[in-house]
Amino acid sequence: MKNLRIATFNVNGMRARLPNLLAWLEREKPDIACLQELKSVDSAFPAAELEAAGYGAIWQGQSSWNGVAILARDAQPLESRRGLPGDDGDTHSRYLEAAVHGVLVGCLYLPNGNPQPGPKFDYKLAWFERLIAYAKDLQSSEHPVVLAGDYNVVPTDLDIYNPRSWLKDALLQPESRECYQRLLDQGWTDSLRHLYPEDRLYTFWDYFRQHWQKNSGLRIDHLLLNPALSPYLQEAGVDAWVRNEPHASDHAPTWIQLGSRKRR
DNA sequence: ATGCCTTAGAGACTAAGA
């Protein structure tokens, strides 16, 4: 495995965030970037600007909400799937998958699920079940696979500054956490948690109550590796500086560095 | 229970986010 950096970044509006996105790509130069919450239609995707920055892309847009994309540095992602199987009536743009730089990359935007209980929470859990069912074959694949994106799940209380005011939120519900754990139990590696088992690492800080300034964050953007890929995990982190920029998304890019197989 | 803030897209506001 050659050195490869794979990142996931919920941009929260592609149009509003394009300058921030380009500045991040220029500085960090990820080889692969999974984007979520484009909030714009396919025809508005800034393919030319990304091309000029050195990135090929595929995207699945949607007006106003959702939307996912996969960017590849000096390459064109080879699309292998758009949309999860299991519900032909699901119109949300939340899953895109491609072969890039020798890795199969699943880019996902899992439903938020608020308010709960209610139909949105039901949709979240149903979508999660479809992901778990679909991920089973990817997990056992002999090809390297990463499932990267905004999972909208705070896996444990270590992944949030203080759960107290979030106890009724869909991101912390036992059902949401149970789904995430059941996905991991298939044999996926949660990259950041694997490398930093006891650290408080956040990927999202909401716009309210000066949560960024107080580092009141949540870890909800995850990169999951199958056993064919996990031996090559070398480093992982969060580009928190992006969250501190003017006009920032409420998420920061989260990344892994792959390289030669780690000695054990 | 809700605001706190920000986005998109419509239309002078609403829905949604997490």
Side-chain angles (χ1 to χ4, degrees), chain A residues 8-22 24 34-46 59-69 90-95 107-128 131 148-177 179-180 192 200-222 238 240 242-254:
Chain A
T8 180
F9 182 22
N10 180 321
V11 295
N12 186 15
M14 191 59 156
R15 188 183 321 158
R17 215 67 63 206
L18 185 58
N20 304 62
L21 173 65
L22 292 173
W24 169 65
C34 297
L35 308 182
Q36 301 87 33
E37 279 211 87
L38 306 181
K39 293 183 169 181
S40 51
V41 295
D42 282 342
S43 59
F45 190 83
W59 57 94
Q60 183 192 32
Q62 186 175 338
S63 178
S64 302
W65 303 297
N66 314 316
V68 286
D90 185 2
T91 57
H92 293 200
S93 296
R94 295 183 178 276
Y95 188 83
C107 170
L108 64 99
Y109 175 48
L110 209 135
N112 171 292
N114 282 306
Q116 75 79 33
K120 292 190 177 179
F121 191 60
D122 296 340
Y123 174 65
K124 178 193 190 109
L125 296 181
W127 203 95
F128 222 143
L131 177 65
D150 178 355
Y151 282 72
N152 270 316
V153 176
V154 175
T156 74
D157 286 353
L158 183 61
D159 301 301
I160 183 169
Y161 63 102
N162 182 347
R164 194 172 48 188
S165 58
W166 295 80
L167 289 177
K168 294 189 175 179
D169 194 282
L171 279 62
L172 277 74
Q173 291 314 298
E175 295 94 329
S176 307
R177 289 176 161 182
C179 280
Y180 188 72
L192 263 77
R200 291 196 174 271
L201 296 163
Y202 307 135
T203 66
F204 165 85
W205 299 258
D206 74 25
Y207 291 125
F208 306 158
R209 296 162 288 215
Q210 296 196 299
H211 274 176
W212 165 247
Q213 288 79 1
K214 297 174 184 168
N215 193 28
S216 297
L218 285 63
R219 190 176 74 95
I220 56 177
D221 300 277
H222 308 302
V238 180
V242 175
R243 182 64 181 80
N244 199 47
E245 292 286 284
H247 208 56
S249 168
D250 40 9
H251 294 249
T254 308

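Excluded from the calculations below are hydrogen atoms, water molecules and symmetry mates; all remaining heavy atoms, backbone and side chain alike, are included. This is a predicted model, so every value here is computed, not measured. Note on naming: letters A, B, ... go to the chains in the order of the sequence lines (proteins, then strands), and numbering restarts at 1 for each one.
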Q. Among residues 111-120 of chain A, which contact DNA chain B at a heavy-atom distance under 4.0 Å?
A. A/N112, A/N114, A/K120
Q. Between the main-chain N or O of A/L171 and the side-chain N or O of A/S176, is there a donor-acceptor pair closer than 3.5 Å?
A. no
(Q) Nearest to the A/D150 side chain among B/dA18, B/dT7, B/dC4, which nucleotide is it? (A) B/dA18
(Q) Of the options B/dA1, B/dG3, B/dC5, whose atoms approach the side-chain atoms of A/Y207 most closely? (A) B/dC5
Q. Testing A/L131, A/D150, A/I220 for side chain to side chain contact (heavy atoms under 4.5 Å, CB included) with A/L110, which one passes?
A. A/L131
Q: Looking only at side-chain atoms of A/R15, point me to the closest of B/dT7, B/dA18, B/dA8.
A: B/dA8
Q. Side chains of A/Y95 and A/D90: donor-acceptor distance under 3.5 Å anywhere?
A. no
Q. Is A/N10 near enough to B/dA18 that one of its side-chain N or O atoms lies under 4.0 angstrom from OP1 or OP2?
A. yes
Q) Which whole number of Å gives the distance between the C1' atom of B/dA10 and that of B/dA15? A) 11 Å
Q) A/L171 side chain: which of B/dG3, B/dA18, B/dA1 is closest? A) B/dA18
Q: Only one of A/T254, A/L192, A/V154, A/I160 passes side chain to side chain contact (heavy atoms under 4.5 Å, CB included) with A/R219; say which it is.
A: A/L192
Q. Does the side chain of A/K120 reach to within under 4.5 Å of the side chain of A/N114, using non-hydrogen atoms?
A. no
(Q) Heavy atoms from C-beta onward define the side chain here; which of B/dA8, B/dA18, B/dG9 lies closest to that of A/A16? (A) B/dA8
Q. Between atom CE in A/M14 and atom P in B/dG9, what is the gap in whole Å?
A. 13 Å
Q) Can you tell me how far the OH atom of A/Y123 sits from the CZ atom of A/R94, to the nearest 0.5 Å? A) 4.5 Å
Q. With centres under 5.5 Å and planes under 30°, do A/F208 and B/dC5 count as stacked?
A. no
Q | Gap in Å between the two P atoms, one belonging to B/dG11 and one to B/dA1, rounded | A | 32 Å
Q | Distance, C1' atom - from B/dT2 to B/dA12, rounded to whole angstrom | A | 24 Å
